[in-house]
Amino acid sequence: MDLDGDFLVIGGGIAGLRAALSLSDAGDVILLTKGDPSESNTGYAQGGIAAALGPDDSPELHARDTIAAGGGLSVPAAVDVLVREGPRYVRELVEWGAAFDRDESGAPALGREAAHSVRRVLHARDATGREIARVLGSRAGGNPHIRVIGDAVATGLHLTGGACTGANFVTAAGERGRVAADATLVATGGAGYIFRETTNPALATGDGIAMAARVGARIMDLEFVQFHPTALDLDGSPRFLLSEALRGEGARLVNHLGEPFMERYEPAGDLAPRDLVARAMVREMTRTGAPVYLTMAHLDPAFVLGRFPAIALACARVGLDLAHDRLPVSPAAHYMMGGIETDLDGRTSVAGLFAAGEAACTGVHGANRLASNSLLEGLVFGARAAAAMQRPPRPSALRSEGVVDAPLPGGSAGPIPTAHIVRSLMWRSVGLLRERRALEATVRRLERWIGAATLREPESGSAERRRVFSLVMVGWLVARAALRREESRGAHFRTDFPERDDLHWNKHISDRLYV
Ligand SMILES: Cc1cc2nc3c(=O)[nH]c(=O)nc-3n(C[C@H](O)[C@H](O)[C@H](O)COP(=O)(O)OP(=O)(O)OC[C@H]3O[C@@H](n4cnc5c(N)ncnc54)[C@H](O)[C@@H]3O)c2cc1C
């Protein structure tokens with residue numbers, strides 16, 4: 001199946017859909033999604049979307065909180081764009097019919113989340129992403145200039161004369177196709193699924209990052225992986241996220257004796273930034289030799305169940321009562337701060353290739369993302385990328401301070417790992433606590449796996465081969481970056497370099513591969 005469009009969008013989450021809606025004013029858009037078009041990380045987002053809309057808030061205050069969470073690495077110009085343009089795009093969502101919760105006066109009810117200095121999180125109960133995906137998805141579905149092709153996995157990008165001119169894809173039925181387009185947007189989301197323990201769905205294998213890396217696009221800041229502190233931890237159950245909004249509304253972390261413990265480790269207590277909470281939990285579990293829990297039992301049960309119905313239902317399915325029970329929790333991979341390096345208009349280092357949303361890295365989140373800023377990022381930078389895609393293609397000069405060129409590993413033989421083996425290795429060696437020896441060994445193993453001939457040609461392999469290729473490729477880039485950064489900052493923690501080192505590491509670093 002060969003298709004021609006003016007624009008190709010790979011991914012139907014918030015970034016891809018928002019971009020497609022703008023692009024449809026300028027030409028025909030083909031939008032590929034890996035699974036069912038309604039399936040994306042966007043659809044799983046619970047807590048909400050941040051925007052400086054409250055009477056006590058301002059873009060400056062939102063910028064200050066974003067930069068404080070970012071561990072010194074947030075790119076100020078990107079933060080400025082996010083917080084200034086964010087309110088406009090959130091209002092647009094409301095105009096398009098997004099049913100965010102409202103207070104008694106009819107204004108959007110603003111929730112509180114960790115490390116936000118004021119209430120600024122719009123939410124639709126505890127299923128905000130589903131509501132946003134509904135609004136954007138139905139708008140795109142009814143648009144004659146947007147052709148959404150579900151169950152169509154992009155497998156590789158085309159380059160013509162050094163510029164991106166579209167992509168190959170394969171459908172669930174095994175039919176192969178090719179889309180030719182003047183400009184291509186990678187909006188394939190994050191890669192939480194490279195880790196065994198994750199809040200992300202199985203489609204979050206970082207395909208877009210792996211594809212862009214293969215054509216030599218610069219990949220920035222991948223060492224910064226956010227581990228969410230409170231994923232439900234029950235044997236045999238998926239790591240369902242227990243949103244930060246629960247703690248924003250008063251939930252507490254307690255140890256096995258029921259004692260709150262966060263103040264012992266962090267002055268901001270339960271509402272400290274995610275990386276600090278996650279590491280404090282590990283310290284408490286190590287100290288007591290027992291699990292830790294989230295509890296809302298001290299709050300009004302009617303409020304808890306009314307405010308968090310979807311989370312309450314998910315808990316009930318595994319036999320837990322959100323309003324009364326102690327919920328066993330532990331950290332799990334949640335969000336990638338790094339990704340395909342872009343400028344403020346979604347341009348990458350390859351002409352004609354754009355990226356937005358979690359697959360991209362403008363540097364806006366620095367070393368750690370502030371809660372509820374990623375939906376906003378997808379909205380704002382998706383729309384900006386769409387505007388830039390309508391102009392003549394050119395590569396961006398970009399900004400990372402260091403670029404490391406490396407060959408795509410090749411030439412080794414040996415067995416190909418299963419997805420489970422790769423994900424377990426990543427969790428053990430490149431998870432919350434990292435150190436040199438394990439990282440070195442992991443980088444070597446991943447290199448050998450990429451080098452195995454079949455993984456070097458993922459496009460011709462089975463669906464499982466392609467999946468393993470993405471996991472191995474993105475895992476390798478994450479592990480390399482984590483090994484290189486000999487300090488601890490934001491979400492990246494090295495037990496052998498536990499301090500932040502501004503003298504040597506206050507910079508963004510990109511990898512660029514060549515074949
Ligand atoms: C459980 C959970 C809760 C969250 N809660 C919040 C929250 O409250 N607030 C917040 O701001 N953020 C939250 N996040 C993060 C946020 O949801 C994501 O960062 C954001 O939705 C990413 O949007 P995106 O458009 O970049 O990608 P996604 O929404 O992940 O969409 C990616 C799209 O790309 C497609 N795709 C992937 N690979 C391919 C391929 N090879 N070919 C074709 N299509 C492909 C997928 O099918 C999908 O359509 C949460 C994340 C999770 C997992």
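Ligands are counted one by one from 1 in listed order, and the atoms in each one are counted from 1 as well. Values in this document were obtained by computation on a predicted structure and should not be read as measured data.
Among protein heavy atoms, the minimum distance from atom 19 (O) of ligand 1 is reached at Glu358 OE1, 2.6 Å. For atom 36 (N) of ligand 1, the closest non-hydrogen atom on the protein side is Lys34 CB, 3.7 Å. For atom 37 (C) of ligand 1, the nearest non-hydrogen atom of the protein is Thr188 O, 3.4 Å. With hydrogens left out, the protein atom closest to atom 35 (C) of ligand 1 is Gly11 CA, 3.6 Å, a heavy atom. Among protein heavy atoms, the minimum distance from atom 11 (O) of ligand 1 is reached at Leu375 N, 2.8 Å. In terms of protein heavy-atom proximity, atom 27 (O) of ligand 1 is nearest to Gly189 CA, 3.3 Å. The protein atom (non-hydrogen) at minimum distance from atom 4 (C) of ligand 1 is Ala45 CA, 3.4 Å. Of the protein's non-hydrogen atoms, the one nearest atom 16 (C) of ligand 1 is Ser374 OG, 3.6 Å.
Polar contact check, Gly16 against ligand 1: no nitrogen or oxygen pair lies under 3.5 Å apart. Note: no N/O pair closer than 3.5 Å links Tyr44 and ligand 1 by distance alone. Residue Ala154 places at least one N or O, backbone or side chain, under 3.5 Å from an N or O of ligand 1. Here's the thing with Asn200: none of its N/O atoms is less than 3.5 angstrom from an N/O atom of ligand 1. Checking only distances, Gly48 does come within under 3.5 Å of ligand 1, N or O to N or O. In terms of polar-atom proximity, defined here as any N/O pair under 3.5 Å, Ala15 does make such a contact with ligand 1.
Scanning for ring pair (Phe, Tyr, Trp, His ring centres under 6.0 Å) contacts around Phe308 gives an empty result, with sequence neighbours left out.
At a 4.0 Å heavy-atom cut-off, ligand 1 touches Ala187 through the backbone alone. By the criterion of a heavy-atom distance under 4.0 Å, the side chain of Asp207, and not its backbone, is placed next to ligand 1. Residue-level proximity to ligand 1 for Tyr335 is carried by the side chain, the only part with a heavy atom below 4.0 angstrom. Under 4.0 angstrom from ligand 1, the non-hydrogen atoms of Glu39 all belong to its backbone. The part of Ala152 lying near ligand 1 is the backbone, judged by heavy-atom distances below 4.0 Å. Neither the backbone nor the side chain of His365 has a heavy atom within less than 4.0 Å of ligand 1.
Under 3.5 Å, the side chains of Ser470 and Arg466 contain no donor-acceptor pair of N or O atoms. Using a 3.5 Å distance cut-off with no hydrogens or angles, the side chains of Gln226 and Asn368 do pair a donor with an acceptor. Of the N and O atoms on the side chains of Thr66 and Asn373, at least one donor lies less than 3.5 Å from an acceptor on the other residue.
Checked against a 6.0 Å centroid threshold, the rings of His365 and Tyr335 count as neighbours.
Cation-pi geometry between Arg423 and Phe195 is not satisfied (NZ or CZ under 6.0 Å from the ring centre, within 45° of the ring normal).
Distances below 4.0 Å separate heavy atoms of Ile14 from the following atoms of ligand 1: 23 (O), 25 (O).
A salt bridge links Arg274 with Glu244: at least one charged nitrogen is closer than 4.0 Å to a carboxylate oxygen. Salt bridge annotation for Lys34-Asp207: present, with a cationic side-chain nitrogen under 4.0 angstrom from a carboxylate oxygen. Under 4.0 Å is where a charged nitrogen must lie from a carboxylate oxygen, and between Glu341 and Arg347 no such pair does. The pair Arg247-Asp270 does not count as a salt bridge, with every side-chain nitrogen at least 4.0 angstrom from each carboxylate oxygen.
Within the structure, ligand 1 has His334 among the residues with a heavy atom less than 4.0 angstrom away. The shortest separation from a heavy atom of Ile10 to ligand 1 is under 4.0 Å, placing the residue in contact. By the 4.0 Å heavy-atom criterion, Ser372 is counted among the residues contacting ligand 1.
Taking only non-hydrogen atoms, the option from Gly156, Ala167, Gly47 nearest to atom 8 (O) of ligand 1 is Gly47.
Heavy atoms from other residues, nucleotides or ligands lying under 6.0 Å from CZ of Arg84 number more than 12.
For the side-chain hydrogen bond (donor to acceptor under 3.5 Å, both in side chains) with His116, the lone residue among Arg120, Glu113, Arg119, Arg112 that qualifies is Arg120. Of the candidates Leu242, Leu241, Thr199, Thr128, Leu241 is the only one forming a side chain to side chain contact (heavy atoms under 4.5 Å, CB included) with Gln46.
Residue Met337 holds its CE atom at 12.0 Å from NE2 of His508, rounded to the nearest 0.5 Å.
Phe100 is listed as a side-chain neighbour of Leu93, based on a closest heavy-atom distance under 4.5 Å.
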